[in-house]
Number of protein chains: 2
Amino acid sequence: MAPGPAKKPSRIQQRNRRRILDAALDVFSGHGYRGATLDQISEESGLSKPNILYYFDGKKDIHVTLLNQLMATWLDPLREMNPDGDPLDELLAYVHRKLEMSRAYPRESRLFANEILQGAPRMGPHLLSGLKPLFDEKTALIQRWIDAGRLAPVDPRHLIFSIWATTQHYADFDAQVRVLMTGDKAILQGADAYLDTMFRKLLTP
Amino acid sequence: MAPGPAKKPSRIQQRNRRRILDAALDVFSGHGYRGATLDQISEESGLSKPNILYYFDGKKDIHVTLLNQLMATWLDPLREMNPDGDPLDELLAYVHRKLEMSRAYPRESRLFANEILQGAPRMGPHLLSGLKPLFDEKTALIQRWIDAGRLAPVDPRHLIFSIWATTQHYADFDAQVRVLMTGDKAILQGADAYLDTMFRKLLTP
DNA sequence: TCTGAATTTGACCATACGGTCAGGAAGTGC
DNA sequence: GCACTTCCTGACCGTATGGTCAAATTCAGA
């Protein structure tokens, strides 16, 4: 029987569950759900396959756990956008935070991209219940800023999309970016300056 | 023995190879390379599994064929950027063509995204030999336009990245976009107007 | 140190997968 | 109609995969 949810996890449980999830993040983000195997996760984590299944109810359970963890922190940058701040500053800060996430958590970005790319079969409800409300809230906020003349008039929804697309591109398409930017060490730094210019010009009233 | 490359393909061969590739595009773009199975391609195409292996040398052969076909047409919009045209017009037209590709060939876009996401294991050389030269050529062209004062000064490489990211986003993250834009039928039309504004403001000197 | 619970493992299972093969069905040219 | 090639299929194979289980090992508290 897998450790029930009632009792608090021992130190061993914490350590091994973390190991498994870390290895699984590597494997799932690199091969997609179906392409990932428990044996790979086993090898990468250093735990035997049956032992992994002692800590998780199965492959799907591991994947779902990862996606839940991800959703919990992935939207933080958007959540932090402050209605009382300066609109342009807030949005540019959001772009910056989002790009920083690409740098710090590329595997998480790719895990998410894989799931969406395949039609979000294991995440559809989460998107609707977790992401949609926040998205609606923030697009409404941006619209209010625009109506008040504090931002240039653009469709807030497409604005958010373009921020996500441009920032996540550096993590998700890393293999391509790397080939095309051979020799340039400071890719993300250049991206930061570029995106700042871009969104500043777009949004300045 | 699979049909050799020496003889011209019969009508049956043309039809069945096309069927297989079309089905395979569905399956590969939706599940990634490892996640796709010959049985799925078999069912989707209406051809038996051994028959599929009569036309192709194996799963890998089908995938490679798709990627080659893709590369041949995928870069056309970029290739068409005319050095003698008006810089701003050329770039905005490129954005428009790229977005149109997302609308017309979403499966191809996702096939490509899947491959890059997983580190381009079967496409790395292609990127270097096919994409890199074109990328270098066009970024150099844009830089010349900038040096001549005909475009606002931005990093041409990040400019291209941002065009790819924003346009392909609507195909690759379709599942997410659909959830967040419930009710809006004309998503791509709105995107077209938004991106036009965005890049116009960015690039106008 | 002893004891019961938590942790770990080797051996095993059913299924699914990519691929093969011998032979049958269907075209094609004469 | 006949012969020859092309096209197609059912049955099969070796391997990989997700998962199970009984038994062994380790751990934590008294």
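Every chain is numbered from 1, with letters handed out A, B, ... down the list of sequences. Computation of the quantities below employed the complete heavy-atom set of this structure, encompassing side-chain atoms and omitting hydrogens, waters and symmetry-equivalent molecules.
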Gap between atoms CG and C1', on Asn16(A) and dA6(C) respectively (whole Å): 12 Å
Atom-to-atom span, CD1 of Ile52(B) to P of dC17(C) - whole angstrom: 13 Å
Sugar-phosphate, base or nothing in reach of Arg15(B), heavy atoms under 4.0 Å: nothing
Any Tyr54(A) side-chain nitrogen or oxygen under 4.0 Å from OP1 or OP2 of dT7(C): yes
Degree of bending, the helix from dT1(C)-dA30(D) to dC30(C)-dG1(D) (end axes from five pairs; round to 10°): 20°
Ring-ring centroid check Phe28(B) Phe112(B), cutoff 6.0 Å: no
Sub-6.0 Å ring centroid separation between Phe199(A) and Tyr94(A): no
Charged tip of Arg157(A) within 45° of Phe135(A) ring normal and under 6.0 Å: no
Salt bridge (charged side-chain N to carboxylate O under 4.0 Å, His left out) between Asp22(B) and Arg18(B), worked out: CA-CA 6 Å; Asp22(B) 188 70; Arg18(B) 190 166 21 222; over 6 Å; no
Spacing of Ile62(B) atom CD1 relative to dC17(C) atom P, expressed in whole Å: 15 Å
Salt bridge (charged side-chain N to carboxylate O under 4.0 Å, His left out) involving Asp76(B) - partner list, sequence neighbours excluded: Arg79(B)
Whole angstrom value for the distance that separates C1' of dT9(C) from OH of Tyr55(A): 13 Å
Separation of atom CD1 in Ile41(A) from atom C1' in dT17(D), rounded to whole Å: 12 Å
Phe28(A) CZ to dG18(D) P, straight-line distance once rounded to whole Å: 8 Å
Contact under 4.0 Å: Arg34(A) side-chain N or O vs dC17(C) OP1/OP2: yes
Exam field: side chain Ser45(B) to backbone Ile41(B), donor-acceptor pair closer than 3.5 Å: yes
Sidechain-backbone polar pair: Asp172(B) side chain, Leu117(A) backbone, donor-acceptor under 3.5 Å: no
Integer-rounded Å distance: dG27(C) P and Gln14(B) CD: 17 Å
Distance in angstrom units between Asn51(B) CG and dA26(C) C1', rounded: 12 Å
More than 12 heavy atoms of other groups within 6.0 Å of Arg107(A) CZ: yes
Output one line per pair: protein atom, nucleotide atom from nucleotides 19-24 of chain D, and distance, for all N/O pairs under 3.5 Å.
residue, atom, partner, partner atom, Å
dG19(D), OP2, Lys59(A), N, 2.8

Side-chain N or O of Ser48(B) closer than 4.0 Å to phosphate OP1/OP2 of dT9(D): yes
Check ion pair Arg103(A)-Glu100(A) (N to O, under 4.0 angstrom): yes
Gln13(A) side chain near dA6(C) phosphate (N/O to OP1/OP2, under 4.0 Å): no
